[in-house]
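Below: one structure, written as structure tokens.
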Amino acid sequence: MSGSCWTRQKNWHEVSNTMAAHKTEPYDFTAIEARWRDFWSEKGFFRADTTSRENTFYYLNMFPYPSGYLHVGHGRNYIIGDLVARVKIMRGLQVLNPMGWDAFGLPAENAAIENSTHPWTYTKANIEKSKQQFRAWGVQFDWDREVTTCLPDYYRWTQWLFLELHKNGLAYKKKATVNYCPTCDTVLANEQVVGGACERCGTPPEKKDLEQWFFKITAYAQRLLDDLDKLEAWPENVVKMQENWIGRSEGAEVVFTTENGDPIRVFTTRPDTLWGATFMVLAPEHPLVETLTTDAYRDTVANYRDQAARETEIDRMSTEREKTGVFTGGYAINPVNGDRVPIWIADYVLMTYGTGAIMAVPAHDERDFAFAIKFGVPIVPVLARVDRICKSIVHSESVSGDFTDKLDLLGIAYDRVDGALHITLEDEADFDRFSVLIRDEIHPGHWNAIVGNRWLFTFDDKQIALESPAADAEILERCKTLSPELSSNRSTMEILSAIPFYGDVLFHAEYGDMIHSAEFTGTPGDRAKAMVTEWLESQAVGEGAINFRLHDWLISRQRYWGAPIPIVHCDGCGEVPVPLDQLPVLLPETEFIGKMGLADIPGFADTTCPNCGGPARRDTDTMDTFVDSAWYFLRFINADDAEHAFVREDVDHWLPVDQYVGGVEHAILHLLYARFVTKALHDLGHIGFEEPFARLFTQGMVCHPAHRCPDHGWLYPHDVGDSTVCPTCGKPLETSSFKMSKSKRNVVDPSQIIEAYGADTERLYTMFMGPPDRDIDWSDEGIRGSFRFLKRVWTLVLENSERLASTGQTADPDTLDADGLAVWRRYHRTVKKVTEDIEARFSFNTAVAAIMELVNELVPYASGTADPSLLRETLDGLILLLSPFTPFICEELWRRTGHEDAVLEQRWPEYDESALEEDSLEIPVQVNGKLRARITVSAATAADADELKGAALANDRIRANLEGKELIKAIAIPGKMVSLVVK
């Protein structure tokens, strides 16, 4: 034991004696928190020994960007971590709970630029501020393992990671069209474009063609998807988000050929619909657009391509925006039927997904259907409906007067609507009967359509199935001739789409039986994809294929504040990795340079080639900050090791991380990248596990009202007060609740809360204000309520400190009176609930509620002739249960009740199973199936069917209900219910 800690304990022994006569002294949280603030770190409670191999637990919060000070919203994440770590320590585990700083990258650099200071100066100051904030909160970490990603002793190993991936073909450089943010002046990964804008500054990115470095995450796409099944302790929504982002699609790659002989490879998930492909769409950036476009369409195509180049991928992929596109004048040949298919370009097709070309099957793809209707492209159904329903409209003047009699005779249902018959055909038999009837009955000069499961148009001289573009053209021409008002229509389906009765049967994407598909017509839907794919392969016009939405991870950044990429470019040797013994490639020390990059710093790029010794150039890109955070959880294990990034024997024991906690906003970016790096390091033999985080919890955001003036922008809440108008100009304010954000000026400074109410109050309220996985609004009244509760606990413990039995004594339930037994039971049930709420459910708000309920019972009990042993057991237990939430006050009260050791040196309270048994149960009693009474019986009576029946029959309400009636049957289900049958 250190001298300072011994002195503190000795002083506390003296303090408890001198204050014995002042049990109701005020709750002086300022003095109490100052007294204990450094105690836990001085004692080394949170210092882990990573050589330990028994009873270990690795808890990790996502480390923060040190781009500003911490507000109460940030506190939610770290207070949760401190709480869980304290419980695990008291459970006897060797707990690793480290902290570091995600200090490279745009967040820190942009913040430094705004403050006109060097990124390291700004970052270092914020790290110190954040450490002081953690100290004020009482949030403890193993600071001996602190890592800071912008320091050479860390980014040396980030560069080592890059070289390992590069050596094994998982890091490469290529020219690519990228998202470039003009405000941040750097490239953004696809995942960093949110809502069509840079996630950092909100500026819509531009498209640029640049040489960029990529990590080959696509090589792991299938494993990243498959191994989601192993993450049983991850939130379902996070797993689903990763699944959707990886985006596996199974289908076929089919080769269409242009009339110039150029192949166009198309990926489709529905090869069973190839016979319905009535047009093709290329991405505006597709390399064949230039050669396909005819002179008549060249200007229109060029203008459209310019327009698409200014749009973001997010905007182009939106299903809500109106479809646009232009015809190129070119055609391709459909390989399954030889049809000539027009080629369009449209912005909803992307070069970055699939092959940049699609076959459009408008009858069975909603997006293609809308496009075809808008531009008058033929639509040919090639899949039957699963429900087999067809519809038809028969106008009275088109058939004989007894037509309905014939429908009735055939058993075909119809409705009369505005002088016409609206007919629904339920199955194939209905279709067969009706198609013959309408063929025989249709009058000259009229036509009829059967649509839905089957597609048949009847004229007085023939019936035509809508089975091809040629059939569409013939049907359309006949309909326009017979009905001149349809002359503006460009396709048969355009005519039908204007008729509301047909609206729900014109389009479907189900796996129905194939129709209008040559020899495949009649192929069942559940076999169609496989059979068509096999046929495509046999004809050498296609093959089975799997496609992923996931792209390779773009890691290049053209900014100063990042880990330099350890590659040298030599005219003779090409790309040359920097030798390991020359790492780290240091960031040059320079004055504040704003948004400039390494390429703008004189002399940085000049070097010699490690291979030939000749003149060479350093790569001037830096790595994305997500590379730093993709492996930091490994470095914590051996943070001081100057020879290795980590030691396999140690990381193989401590990882995967037992509990990882952070915001759901990182569900795709950080978590996916960390999973990829872990799998790559596993395959390269550096680690023995394939997933980094065994259990994941994503906490909700803390929200607060934000006020915006149309002229003066966002205003601080304290400047607005309760007003609804701008204090400067008097204009009405827009007020809404948003996630706490410095940009919206709606943050709550924790120092103000701590000064007014203490850190324990903030900690308690943060855990009590709502389910921790949900967004919640910060409430000043909630803070005050938590403060009142702590004062109540303070008074309860001090007023009874001299009535307690000796330390270590517990109550004997057999000697307690009824009130004491009730309190004893409540205490042990509370221990069970709080323990399970914290460890199994992360339901901290309900754990606090249970502690509050315990206090509600302890206060009146303690005011009477309370049993000293029960008071000792319950008040000691109360302090220990509350201590992870409010460590300062609990450490104080622990000493005030006669203890000389620390709270964290105690075992976490355990509950007595016998206390969980119910004394009595409430049992519902039904008479003829209706609830007539609820009876309260002892647990023993509830467990015995005969006694339970007797208790039910003796109940006054049941006796009154049975008066004058004969009891036929009485059924008692022990512990559940009683059911009586009478007549």
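Environment of CZ in R957: sparse, with no more than 12 heavy atoms of neighbouring residues, nucleotides or ligands closer than 6.0 Å. Around CZ of R841, the count of heavy atoms belonging to other residues, nucleotides or ligands within 6.0 Å exceeds 12. By the neighbour-count criterion of 12 heavy atoms within 6.0 Å, atom CD of E836 is densely surrounded, having more than that number from other residues, nucleotides or ligands.
Formation of a donor-acceptor pair under 3.5 Å by the W894 side chain with backbone atoms of D901 is found in this model. Using a distance-only test at 3.5 Å, with no hydrogens or angles considered, no donor-acceptor pair links the side chain of R792 to the main chain of V855. The closest donor-acceptor contact from the side chain of T941 to the backbone of V937 lies at 3.5 Å or more, if one exists at all. In this structure, D775 contributes its side chain and M701 its backbone to a donor-acceptor pair below 3.5 Å. Of the possible donor and acceptor atoms, none in the side chain of D773 sits under 3.5 Å from a partner among the backbone N and O of T698. Although no hydrogens or angles enter the test, the distance criterion places no donor-acceptor pair under 3.5 Å between the side chain of N800 and the main chain of R803. Using a distance-only test at 3.5 Å, with no hydrogens or angles considered, a donor-acceptor pair links the side chain of D817 to the main chain of G820. At distances below 3.5 Å, not a single donor-acceptor pair connects side-chain atoms of R826 with backbone N or O atoms of L854. Side-chain atoms of R145 come within 3.5 Å of backbone N or O of A48 as a donor-acceptor pair. Looking at Y765, its side chain never comes within 3.5 Å of a backbone N or O of E781 through a donor-acceptor pair.
Across all their heavy atoms, V239 and L228 have their closest contact at O-CD1, 3.8 Å. The heavy-atom pair separating G877 from P909 by the smallest distance is O-CG, 4.3 Å. Taking both residues in full, the closest heavy atoms of D652 and G688 are given as OD1-N, 2.8 Å, listed atom of the first, atom of the second, then distance. Closest approach of V903 to C890, counting heavy atoms only: CG2-O, 3.9 Å. The minimum heavy-atom distance between D49 and Q94, with the atom names listed, is N-OE1, 3.2 Å.
For residues 821-858, the pairs satisfying ring pair (Phe, Tyr, Trp, His ring centres under 6.0 Å) are F697-F842, W824-H828, F842-F844, with sequence neighbours left out.
The only member of V661, I80, I79 that meets side-chain contact (heavy atoms from CB on, under 4.5 Å) when paired with P772 is I80. Screening F888, W794, F787 for a ring-ring contact (aromatic ring centres under 6.0 Å, His included) involving F29 leaves a single residue, F787.
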Full working for side chain to side chain contact (heavy atoms under 4.5 Å, CB included) between R932 and I958: CA-CA 7 Å; R932 295 303 184 189; I958 296 301; 3.9 Å; yes
Worked check of ring pair (Phe, Tyr, Trp, His ring centres under 6.0 Å) between W654 and F636: CA-CA 10 Å; W654 282 88; F636 280 131; over 10 Å; no
Pair R91-E839, salt bridge (Lys or Arg N to Asp or Glu O under 4.0 Å): steps then yes or no: CA-CA 11 Å; R91 298 285 264 176; E839 295 195 313; 3.0 Å; yes
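Taking the centre and axis of the six-membered ring of W40, the NZ or CZ atom of R86 falls inside the cone set by 45° and 6.0 Å. For the pair K791 and Y27, the cation does not sit on the ring face, since its NZ or CZ is not both under 6.0 Å from the ring centre and inside 45° of the axis. A cation-pi arrangement is absent between K88 and W908 under the rule of less than 6.0 angstrom and at most 45 degrees off the ring axis.
Aromatic ring centres of F134 and Y78: separated by under 6.0 Å. Outside the 6.0 Å centre-distance limit, the rings of W234 and Y660 are not counted as a close aromatic pair.
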